Amino acid sequence: MLYKLATRKHIFVEIYIADICTCSKQAPFLLGSDFLLWHILICSIKMPEGPELHLASLYVNKMCDGVVFSGPVIKSEVSKNPEVAFTCDSFRITATSRGKEVKLTLTPMKSDDDGKRRSKGGQADQHMDIVFRFGMSGYFRFTSEDEVPKHAHLRFYTKEKPRRVLSFVDTRRFGSWQPNGTWQPDRGPCIMFEYKSFRENVLSHLSDRAFDRPICEVLLNQKYFNGIGNYLRAEILYRLNIPPFVCARDALEGLELEDEFEDGKPVKDEITDTKTPERAKKKGMKREAGDVLRLCHTVPLEVVSLGGKGYDPEKMDYSAFEAWLRCYYVDGMKSVRDHNGRTMWFKGDPGPMAPKDSKSPKTKKRAKKDDDHDYTEKKKVAKTMKESTTKKRVVKKETPKKEKPTHPKEVVSKRGKAEKTQEETQQSETKSSARKKKNSSVEAAAGRERRSGRVTRKNSK
DNA sequence: CGTCCACGTCTAC
DNA sequence: TAGACCTGGACGG
C-alpha cells in the first residue's frame, strides 16, 4: 500500500526529493522509503481539525529540528493578520498544539558574543510565541526559497546559504495568528491531549445552556470540544449510532466523570480492526467500547495515527484518510444542514431536534420549492468520472485581486521552475481528487481501490 | 461562463 | 441567526 501510494505520487516525490535530501538528518529514525513516505504524507497536511493541527506541529518540529532561522518574519501584503515584530540573528522554531490551535515558539540562540548585543532587534533575547488558527485551509510547509507555495502569508527564513522557508500557507485566509499570543481563553481543553480535563469540563457544565442544542452542534462548540470539527463529529456520532439531533444534555448526562481509558490500547485495537475488516465487520458489530466523550478523544487520535494523511480531498494522498472515513461524505449516508448551515453527515434517524426546513444541503438559500422528501439520501449520480484533465492547461493567473491595489506584491516567489512544479502538483491532484457522489460501480478507474474497498466493507455489513 | 461547495471562526443586526 | 471573510475545484449549461 505504501508503495502504491509512492508510485501514484511519483511526481510529488520528485518535487520533494531535494527537501528530503537536505532534511533527512532530522528524522534519523526513519529510513529510506519510510522517510520518503513520511515526508510526503506529512507534507500533505492542509486541513484544520484537531488531528491535523497536531500533525502540523509534529511537522514543524520534525522539519525545523536543528535548523537555525534568521532575520525578520515576513508577512504577505494581502494578509490582514498582524505583523510579527521579531528580528533575531539566530533562532529556532518549535511547535505545540492544543485542540484547534498551534503555537510556534521562536527561541533566540545563545550568541557567544559578550558585549555584542543585538542592536537591531530589541527583543533578541526574548522568545516569542505565535498562536495560529488554521481557518479552513491553513497549513505549514518547509521548502526551499523558490518553492514557497502560493498563499504563504507568514514566512520564516533560515540562516544558511541557500535559504529555506517555513511558511504558514492559507489559501482562503480564514486562518489567523497572534504574536505573543496565548491559547485562546474561551477554548476548552484539548480533546486529544488533555482528555481528563476535557471530560471534566464537559460533565461539570452540563447545566450550561450550550447543551440545550443538538449534540452534533455542541460538538463543534470549541469551548467544550476544542479540536472537534465537521468530519470528526460525523464519525464520532456514527460509531455510537447516536442520532445527531438529539439534545446534547440527554446524550451526555449520566456519563462517568472518570474514564479509565488507557492511552494507546484502544487506539491500537482500532487500527488493527481497520486493517482486518473481515474480522471486525463480520457480525456488523461495532464494538467501539466507549462513550461519546471517549470517542471525542480516541477517534481524533486514530487520524493522528494514520500518519499524516489528514483531510485534504484536493491535495496529495487522500486515499488512506478517505478509507478511514465511515460516514462523512460517504456514499449512502444522509446529510442535513444543521442550524448553523453546516452539513451534518449521519446514518439512520436524524433525531428530534433536526431542522425542519433545510433538508438537504442543496436547499441552502434557494426558495426552490422542489419536492421536499425527507432527509435525502445522497443521490448516486452515475456520472462517469472520467479523467477530467482537459482543463489542465488553464493556467490560472492568480491575480492578487484588488484588496491592496497599491501593492501587487502578494506574488511570493513563484516563477519559472517554482511555478511549474506547482502546476504539476495541482494536476496530479485533480486527478486523484475523486470525491463527490460517484457511484462506486462506475469508476473502475485507477486510484480508487481503497475507497472502493471501504464501501464494499460497509455494504457487506 | 456561472453556481455550489468546502476541514472555521467572527461580529453585527 | 444571518452574513462576512476568501480561494478554488467540481459540475452544469
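In what follows, chains carry the letters A, B, and so on, assigned in the order in which the sequence lines appear, proteins first and then strands, with residues in each chain numbered from 1. Atom set for the values below is all heavy atoms of this structure, side chains included, hydrogens, waters and symmetry mates excluded. Note that the structure is predicted; figures quoted are calculated from it, not measured.
Atoms CH2 (A:Trp177) and P (B:dC10) sit 14 Å apart, rounded to a whole Å. At whole-Å resolution of the value, NZ in A:Lys223 and C1' in B:dT9 are 16 Å apart. The distance from atom CZ of A:Arg133 to atom P of B:dG8 is 14 Å, rounded to the nearest whole Å. When the P atom of B:dC4 is taken as reference, atom OH of A:Tyr329 falls 14 Å away, rounded to whole Å. Separating the CE atom of A:Met136 from the C1' atom of C:dG9 is a distance of 14 Å, rounded to the nearest angstrom. The OH-P distance, from A:Tyr139 to B:dG8, rounds to 17 Å in whole Å. Protein atom CZ of A:Phe134 is 22 Å distant from nucleotide atom P of B:dA6, rounded to whole Å. Rounded to an integer number of Å, the gap from A:Asp170 CG to C:dC5 C1' is 11 Å.
Remark: the separation of the P atoms in B:dT9 and C:dG9 is 24 Å, to the nearest Å. Taking the C1' atom of each, C:dG8 and B:dC10 are spaced 23 Å apart, rounded to whole Å. Comparing B:dC13 with C:dC5, their P atoms are spaced 12 Å from each other, to the whole Å.
Side-chain atoms of A:Glu147 and A:Ser144 form a donor-acceptor pair, as typed in the model, at a separation below 3.5 Å. Between the side chains of A:Asn81 and A:Ser176, no donor-acceptor pair is found at a separation under 3.5 Å. Side-chain contact check for A:Asp170 and A:Ser137: at least one donor-acceptor pair (N or O, by modelled atom type) lies under 3.5 Å. Between the side chains of A:Ser79 and A:His153, no donor-acceptor pair is found at a separation under 3.5 Å.
Between A:Arg172 and B:dA6, a side-chain N or O to OP1/OP2 separation shorter than 4.0 Å is absent. Residue A:Gln222 places no side-chain N or O under 4.0 Å from the OP1 or OP2 atom of B:dG8. OP1 and OP2 of C:dT7 both lie 4.0 Å or more from every side-chain N or O belonging to A:Lys150. Between A:Thr343 and B:dA6, a side-chain N or O to OP1/OP2 separation shorter than 4.0 Å is present. For the OP1/OP2 pair of B:dG8 and a distance below 4.0 Å, the side-chain nitrogens and oxygens of A:Gln184 include no atom meeting the criterion. For the pair A:Arg342 and B:dC5, the criterion of a side-chain N or O lying under 4.0 Å from OP1 or OP2 is not met. Between A:Arg337 and B:dC5 there is a side-chain polar atom (N or O) within less than 4.0 angstrom of OP1 or OP2. The side chain of A:His339 places no N or O atom within less than 4.0 Å of a non-bridging phosphate oxygen (OP1 or OP2) of C:dA2. For the OP1/OP2 pair of B:dG8 and a distance below 4.0 Å, the side-chain nitrogens and oxygens of A:Arg233 include no atom meeting the criterion.
Counting any heavy atom pair closer than 4.0 Å across all strands shown, A:Glu101 reaches no nucleic acid atom.
Between A:Asp291 and A:Arg199 there is a salt bridge, since at least one side-chain N of the basic residue sits less than 4.0 Å from a carboxylate O of the acidic one. A salt bridge links A:Arg98 to A:Glu194: one of the charged nitrogens lies within less than 4.0 Å of a carboxylate oxygen.
Taking only side-chain atoms of A:Pro48, from C-beta outward, the nucleotide of B:dG8, C:dT7, B:dT9 with the closest atom is B:dG8. Nearest to the side chain of A:Arg213, among B:dG8, C:dT7, C:dT1, sits C:dT1.
We find that the ring of A:Phe174 and the base of B:dG8 stack, their centres lying under 5.5 angstrom apart and their planes tilted less than 30°.
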